[in-house]
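Just so we're on the same page: letters track the sequence lines, and every chain starts at 1. All values derive from a computational prediction rather than experimental measurement.
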Protein chains: 2
Amino acid sequence: MVTMKDVGREAGVSAMTVSNVLRGNTNVTPETARRVREAADKLHYRLNTTSLSARSLRVSTSRHGRNFSTIGLAIFELDRPYPSQLASLISQAAEKRGYQTVVQETRINAENERSIIERVSNQFCDGLIFSSSRLSASEIEQLSNHRPTVLLDDDRPQQDLDTILTPSEAGAQAAIEYLWSTGKRHIGIVGGLGENLVNAAGEDNDSSATFDINDTLHRRLMGCCNAFEKLGVQWEDVPIIATPWTDTDARKAIAGNADLVRSCDALFCMTDTTAFGVIRGLKDIGLRVPDDIAVMGFDGIDMGAIMTPSLTTVAVDIPMVAQKAVDLLIERIDDESDRERQRIVADFRIAQRESA
Amino acid sequence: MVTMKDVGREAGVSAMTVSNVLRGNTNVTPETARRVREAADKLHYRLNTTSLSARSLRVSTSRHGRNFSTIGLAIFELDRPYPSQLASLISQAAEKRGYQTVVQETRINAENERSIIERVSNQFCDGLIFSSSRLSASEIEQLSNHRPTVLLDDDRPQQDLDTILTPSEAGAQAAIEYLWSTGKRHIGIVGGLGENLVNAAGEDNDSSATFDINDTLHRRLMGCCNAFEKLGVQWEDVPIIATPWTDTDARKAIAGNADLVRSCDALFCMTDTTAFGVIRGLKDIGLRVPDDIAVMGFDGIDMGAIMTPSLTTVAVDIPMVAQKAVDLLIERIDDESDRERQRIVADFRIAQRESA
DNA sequence: CTGAAAGCGCTAACAT
DNA sequence: ATGTTAGCGCTTTCAG
């Protein structure tokens, strides 16, 4: 690494003069400045900002008088609508409160998450937001040196961190009840079993042994189950189509379960993206939505309103998730007191559109 | 700020012992350890990782023997398919090469971009990728202390940085030619004029005065223009429907230009998202796609394949954009030599699907 | 106009 | 088992 000392030696001056030249602050002879700049160019000098920050510990105010507060957001996937909308909303909510957000993709991999904390979040973030983490709260706490942390969509009971949850159980129950209220009596569920999101099985048997990637799934299934029970339908009789929660997988799952699908008059899908694939898959096998069969999703991503047919769905209040996450985190950052951890379930509404 | 010294004073030990306890490394009396931990808790001590990094300058290898290389990606929006897919692909390409990616949303705002560089990228990234930046290359260079930088989709000729471009001109030309080849003779263009992406007019009149947010638009229009010229169609006769490049805006634009739309037998949309809104808007006014009118998009986002009807589009090789961006950047990071700047235009193909 | 010294918080190496 | 020393790259202070 090239230091100011090196540049100084090359230019025949001290490191101090190099510093002065490069920041253009104090008076330096034009000739000296030129020599220094040449030397810096020649050696490809780059300001080592790490040590700059070390220095800045000393001076209370930053050079520009701004607050350099930063939130780290670890999110499972960036290429799908729900997490990317959430990331965007969090960025914007944080910005309104004077925080910069840095987003990192975990792809639901524990090793990635550790790396994120070690390399970045822990290095310079004032707080962390973890969405669908595979790490235990205690590991996050330890790796992050007890940085304030908010978890999203992590329902493991042993966690002792602030948590924002999507209304999986209540939302799913409301979905089934809605379909029932429109006269559907043969409601199937899509996205039920098997590995979900990604096939991330078989890793990480230690710290997160208690973690089930299908946690959110279970809560949504539980909501369905409750609804059917209230409606007097045997849970065992409910058709469940297994598929990962992606559009292409869901499309294939419909093709592979055509007969089962034809016995239904409505399908409730575990996510909107799944529903998109289902609607496409239904067209592939000659079924019209909603005329032949109703389809309902879960999430409330923007694109659902634009699709043809537009998607009836459990619309989670995603801006609320983002806002609460940011608020809770900043509260923790500002206030070191040990107030009790919070656990907030986001609102939802049934967005009644064309598909059901 | 609470330092190890403070904790040590509270616990009646030296800072060194505090360090040892907190990292659980060396042998410490359980009793001492307990006292230290209590003191740390009481004072709300948090490891100052800034100085950790300062320290790490000294020891060549990191504590875990890993390389802590990081790429900063500044992207205009995270809640739309194209940029979020791109961000995801860049993250994954970088990871394969041992780099962690931190993503930040600019929302096409110069002040945000400056903040991103100052707060984050400049602090600890080895290199930057800027997508649709509003800053000039020279400002980026200066703010980032000459960090290696790759620009995406920035066609300003004065820039002297590595650049990856989407094939706007060739892609648009190919789109028009494709529609023509299917017998369409009344092709309209959607997404043509007015502020695009966001209404970010009126800011930043100094450094980026030379920057036109409609730059990409102009290149795509130029491609259309070339195609029509070759086909013997007067450019002045081509219907152009102005709308920002979002689905909801595009949907409204169709409703507001119903008569003009009805005179067309095909519509070429500036982005896939625009096309989604257009298809929906066409249904709103009773036109069927592709029976009554063909629709074509530009980008090649995944969802286009799942829609009903599936979207015929200029499918940019987005993985190639991501891969080249990462490769070029890492090349710059590794090799300080001043090889000439590169300028790569990504491949594309016409994804021939149902909508046209 | 230029440079020497001190020190930011932390920890490896060494001393007690 | 615990403490002391030195130093990471840089910049503020103050002396030449």
Side-chain angles (χ1 to χ4, degrees), chain A residues 1-37 39-40 43-65 68 118 122-124 145-147, chain B residues 1-37 39-40 43-65 68 118 122-124 145-147:
Chain A
M1 145 163 279
V2 184
T3 72
M4 284 194 173
K5 218 170 174 176
D6 300 322
V7 176
R9 181 167 39 242
E10 178 75 21
V13 296
S14 75
M16 198 55 241
T17 302
V18 176
S19 174
N20 284 330
V21 170
L22 263 35
R23 281 177 311 151
N25 274 353
T26 38
N27 287 337
V28 191
T29 309
E31 163 59 15
T32 312
R34 194 191 52 74
R35 281 214 322 280
V36 168
R37 256 185 271 273
L43 302 177
H44 295 109
Y45 170 78
R46 267 190 241 153
L47 177 61
N48 183 327
T49 45
T50 290
S51 51
L52 237 188
S53 345
R55 204 59 252 289
S56 73
L57 294 169
R58 186 148 214 256
V59 287
S60 52
T61 60
S62 99
R63 192 146 39 118
H64 306 275
F68 279 52
E118 288 192 336
N122 188 26
Q123 300 285 332
F124 75 110
N145 291 305
H146 303 87
R147 291 267 179 292
Chain B
M1 146 165 277
V2 183
T3 73
M4 284 194 172
K5 218 169 174 177
D6 300 323
V7 176
R9 181 169 37 242
E10 178 76 21
V13 296
S14 77
M16 197 58 235
T17 302
V18 177
S19 173
N20 283 331
V21 170
L22 263 35
R23 281 178 311 154
N25 276 353
T26 38
N27 289 337
V28 191
T29 308
E31 163 59 15
T32 312
R34 194 191 53 71
R35 281 214 322 281
V36 167
R37 257 185 271 273
L43 301 177
H44 294 107
Y45 170 78
R46 269 189 239 155
L47 177 62
N48 183 329
T49 45
T50 290
S51 51
L52 239 188
S53 342
R55 200 65 247 292
S56 74
L57 294 169
R58 182 148 214 252
V59 288
S60 52
T61 60
S62 97
R63 191 147 40 121
H64 305 273
F68 280 53
E118 288 193 336
N122 186 29
Q123 300 285 332
F124 75 110
N145 289 308
H146 301 88
R147 293 266 178 291

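Here OG1 of A:Thr3 is found 7.0 Å from CZ of A:Arg9. Values are rounded to the nearest 0.5 Å. Note: A:Leu22 CG to A:Met4 CE = 5.5 Å, rounded to the nearest 0.5 Å.
Rounded to an integer number of Å, the gap from CD of B:Glu31 to P of D:dT2 is 9 Å. At whole-Å resolution of the value, CE in B:Met4 and P in C:dG9 are 12 Å apart. Whole-Å rounding puts the A:Asn20 CG to C:dT2 P distance at 9 Å. In this entry the distance linking CZ of B:Arg35 with P of D:dT2 reads 8 Å, nearest Å. Taking atom CG of A:Leu22 as the reference point, atom P of D:dG9 lies 16 Å away to the nearest angstrom.
Between A:Thr17 and C:dT2, a side-chain N or O to OP1/OP2 separation shorter than 4.0 Å is absent. Between A:Thr32 and the phosphate of C:dT2, there is a side-chain N or O to OP1/OP2 separation shorter than 4.0 Å. Not one side-chain nitrogen or oxygen of A:Tyr45 sits closer than 4.0 Å to the OP1 or OP2 atom of D:dG9. For the pair A:Ser14 and C:dA4, the criterion of a side-chain N or O lying under 4.0 Å from OP1 or OP2 is not met. Between B:Ser19 and C:dC10 there is no side-chain polar atom (N or O) within less than 4.0 angstrom of OP1 or OP2.
With D:dG9, C:dC1, D:dA1 as the choices, the nucleotide that has an atom nearest any side-chain atom of A:Thr3 turns out to be D:dG9. The side chain of A:Val13 sits closest to C:dG3 out of C:dT2, C:dG3, D:dC10.
Across A:Val21, A:Val28, A:Asn20, A:Val18, a single residue satisfies side-chain contact (heavy atoms from CB on, under 4.5 Å) together with A:Val13, and that is A:Val18.
When heavy atoms are screened at a 4.0 angstrom cut-off, B:Met16 is found touching base atoms of the nucleic acid.
With hydrogens and angles ignored, the 3.5 Å screen pairs no side-chain donor or acceptor of A:Thr29 with any backbone N or O of A:Glu31.
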